Amino acid sequence: TTSTSKNRGLLILLEGLDRAGKTTQCQMLCNSLNEANGPGSCRVQKVPDRTTQIGQMINSYLASKTTLPDQSIHLLFSANRWELRQTILDSIYSGQTVILDRYVPSGVAYSLAKGVADMPIDWCIAPERGLPRPDITLFLDIEPEHANIQSTREDFGQERYEVSEFQVRVRACFKEILGDGEKNSGVLDMGKVITIDACKDIKTVAADIWQAVQSQDVESSEI
Ligand code: Z5A
């Protein structure tokens, strides 16, 4: 199902490492849902939203134009999600499905992977509590250590966090946070978590995502 019995839209999250294909797949899924359910019934929200003032600070940090303490950048990423909270809720409750291109799991995984002593997992999660919970999380999985797939994808290596050893740690953190696919089996409740093999070609990944979204029996609970 792609809508709930209360006719609210769904909150669908696509997560994964850099260059896993999230932006590509968010757009393809959105196009398919708009075709199936009518134009405008779905939209994509990129996270971070680099257009806000906080987003511009994040952008400048990621481009290594500014430095910030690890704690400060963590809280800015979270603050950027809080800026989006109301518009996400407005969309969902007006019946529009929102596809998130990254969200809370990225916030926690990238900070945890830094291994900073005074930023344990509880500290990292605390500012995220109260944000809307996705109905479905699709984790686009690639193996940086084996496939070395990212370097073959356009533009990899341009930004601060795109270093292979770091990506290996981020992947392990994602798995700890999201669990093994069963609801609530990870540290974070991100709804139903489904792992997608993102090493396949773009069309096959899109078909796998479409099937996963279609086959989900999503609850109509409050977000
Ligand atoms: N970050 C954080 O620390 N804390 C937070 O709270 C959040 C984020 C939210 C920027 O994020 C950084 O912020 C990121 C995490 C950190 N770390 N870094 N660097 P971002 O989402 O803005 O990152 P991005 O640089 O815009 O996107 P991305 O993740 O790197 O890429 P992607 O969306 O996963 O991939 P894509 O743009 O769809 O595809 C990349 C290329 O690969 C493109 O040429 C595609 O045509 C190609 N591609 C895609 N799929 C395939 C397949 N299946 N086969 C072959 N080629 C493919």
Side-chain angles (χ1 to χ4, degrees), residues 1-17 20-55 58-59 76-110 125 127-140 174 177-178 183-184 186 188-196 198 205-223:
T1 57
T2 52
S3 65
T4 68
S5 56
K6 277 185 184 169
N7 278 337
R8 73 160 167 81
L10 293 180
L11 189 57
I12 303 174
L13 167 60
L14 267 66
E15 270 292 3
L17 296 180
K22 298 176 298 299
T23 301
T24 306
Q25 295 299 334
C26 281
Q27 204 46 61
M28 289 173 84
L29 178 61
C30 188
N31 292 345
S32 300
L33 287 172
N34 277 329
E35 246 172 58
N37 301 330
S41 59
C42 180
R43 71 175 174 94
V44 176
Q45 176 64 62
K46 213 168 159 22
V47 182
D49 176 356
R50 302 192 193 209
T51 65
T52 67
Q53 270 192 352
I54 292 172
I58 292 171
N59 191 44
L76 285 177
F77 271 117
S78 184
N80 185 251
R81 280 184 279 282
W82 281 98
E83 287 186 299
L84 293 170
R85 176 180 173 272
Q86 197 56 52
T87 54
I88 290 172
L89 291 176
D90 289 349
S91 295
I92 303 276
Y93 284 109
S94 74
Q96 189 181 43
T97 285
V98 177
I99 303 174
L100 298 167
D101 184 349
R102 290 195 192 271
Y103 194 52
V104 174
S106 281
V108 178
Y110 281 80
I125 290 174
E128 312 291 339
R129 293 213 171 90
L131 287 167
R133 180 180 64 79
D135 296 294
I136 314 169
T137 293
L138 300 156
F139 179 63
L140 272 57
F174 266 129
I177 290 162
L178 291 173
K183 203 173 170 198
N184 297 333
L188 287 174
D189 179 6
M190 287 287 120
K192 175 79 184 171
V193 177
I194 301 165
T195 299
I196 300 284
V205 176
D208 290 350
I209 289 175
W210 181 248
Q211 200 191 5
V213 170
Q214 291 302 305
S215 62
Q216 285 315 300
D217 192 14
V218 175
E219 294 168 17
S220 58
S221 57
E222 294 284 319
I223 271 206

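Numbers for residues simply follow the sequence, beginning at 1. Only heavy atoms go into these numbers, but all of them, side chains included; no hydrogens, no water, no symmetry mates. Because the structure is a prediction, the values reported are computed rather than measured.
With hydrogens and angles ignored, the 3.5 Å screen pairs a side-chain donor or acceptor of Lys22 with a backbone N or O of Leu17. Between the side chain of Asp135 and the backbone N or O of Ile12 there is no donor-acceptor pair closer than 3.5 Å. A distance-only check finds a donor-acceptor pair linking the side chain of Arg102 to the backbone of Gly16 [under 3.5 Å]. Put simply, the side chain of Ser91 never gets that close to the backbone of Val98: no donor and acceptor are under 3.5 Å apart. Judged by distance alone, the side chain of Asp101 and the main-chain N or O of Gln45 form no donor-acceptor pair under 3.5 Å. Proximity of a side-chain donor or acceptor of Trp82 to a complementary backbone N or O of Pro127 within less than 3.5 Å is detected.
With contacts defined as side-chain heavy-atom distances shorter than 4.5 Å, the pair Asn37/Cys42 does not qualify. Under the 4.5 Å side-chain criterion, counting only non-hydrogen atoms from C-beta, Leu131 is in contact with Tyr103. Leu84 is not listed as a side-chain neighbour of Leu100, based on a closest heavy-atom distance of 4.5 Å or more. Taking 4.5 Å as the limit, some side-chain heavy atom of Thr24 sits within range of a side-chain heavy atom of Met28.
Considering Thr195, Leu188, Val193 as possible partners of Leu178, the one that fulfils the side-chain contact (heavy atoms from CB on, under 4.5 Å) test is Val193.
Of all heavy-atom pairs between Ala212 and Ile194, the closest is CB-CD1, 3.9 Å. Closest approach of Asp49 and Thr52 over heavy atoms only: O-OG1, 3.6 Å. The two atoms that bring Ile54 and Ala79 nearest to each other are CD1-CB, 3.9 Å, heavy atoms only. Residues Asn34 and Gly40 come closest through the heavy atom pair OD1-N, 3.3 Å. What you find for Leu89 and Pro132 is that their closest heavy atoms are CD2-CG, 3.9 Å.
Residue Ile209 holds its CD1 atom at 5.5 Å from CD1 of Ile196, rounded to the nearest 0.5 Å. A distance of 12.0 Å separates OG1 in Thr51 from NZ in Lys46, rounded to the nearest 0.5 Å. Leu11 contributes atom CG, which lies 6.0 Å from atom CD1 of Ile88 (distance to the nearest 0.5 angstrom). One finds the CG atom of Leu13 at 12.0 Å from the CZ atom of Arg133 (value rounded to the nearest 0.5 Å).
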Exercise for review: In sequence, state the C-alpha distance, the side-chain angles, and the governing distance for Ile99 and Leu33, and then conclude on side-chain contact (heavy atoms from CB on, under 4.5 Å).
Suggested key: CA-CA 10 Å; Ile99 303 174; Leu33 287 172; 4.3 Å; yes

Point to revise | Residue pair Val104, Ile177: steps toward the side-chain contact (heavy atoms from CB on, under 4.5 Å) verdict | key: CA-CA 10 Å; Val104 174; Ile177 290 162; over 6 Å; no

Exercise for review: Please step through side-chain contact (heavy atoms from CB on, under 4.5 Å) for the pair Val213 and Leu138, ending with a clear verdict.
Suggested key: CA-CA 9 Å; Val213 170; Leu138 300 156; 3.9 Å; yes

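Sorted by first and then second residue, the salt bridge (charged side-chain N to carboxylate O under 4.0 Å, His left out) pairs involving residues 77-91 (not counting sequence neighbours) are Arg81-Glu128.
When the salt bridge (charged side-chain N to carboxylate O under 4.0 Å, His left out) test is applied to Arg43, no partner is found at least two apart in sequence or on another chain. Listed by chain and residue number, nothing satisfies the side chain to side chain contact (heavy atoms under 4.5 Å, CB included) test with Glu35 (two or more places apart in sequence, or in another chain).
Ring planes of Phe139 and Phe174: tilted class, angle from 30 to 60°.
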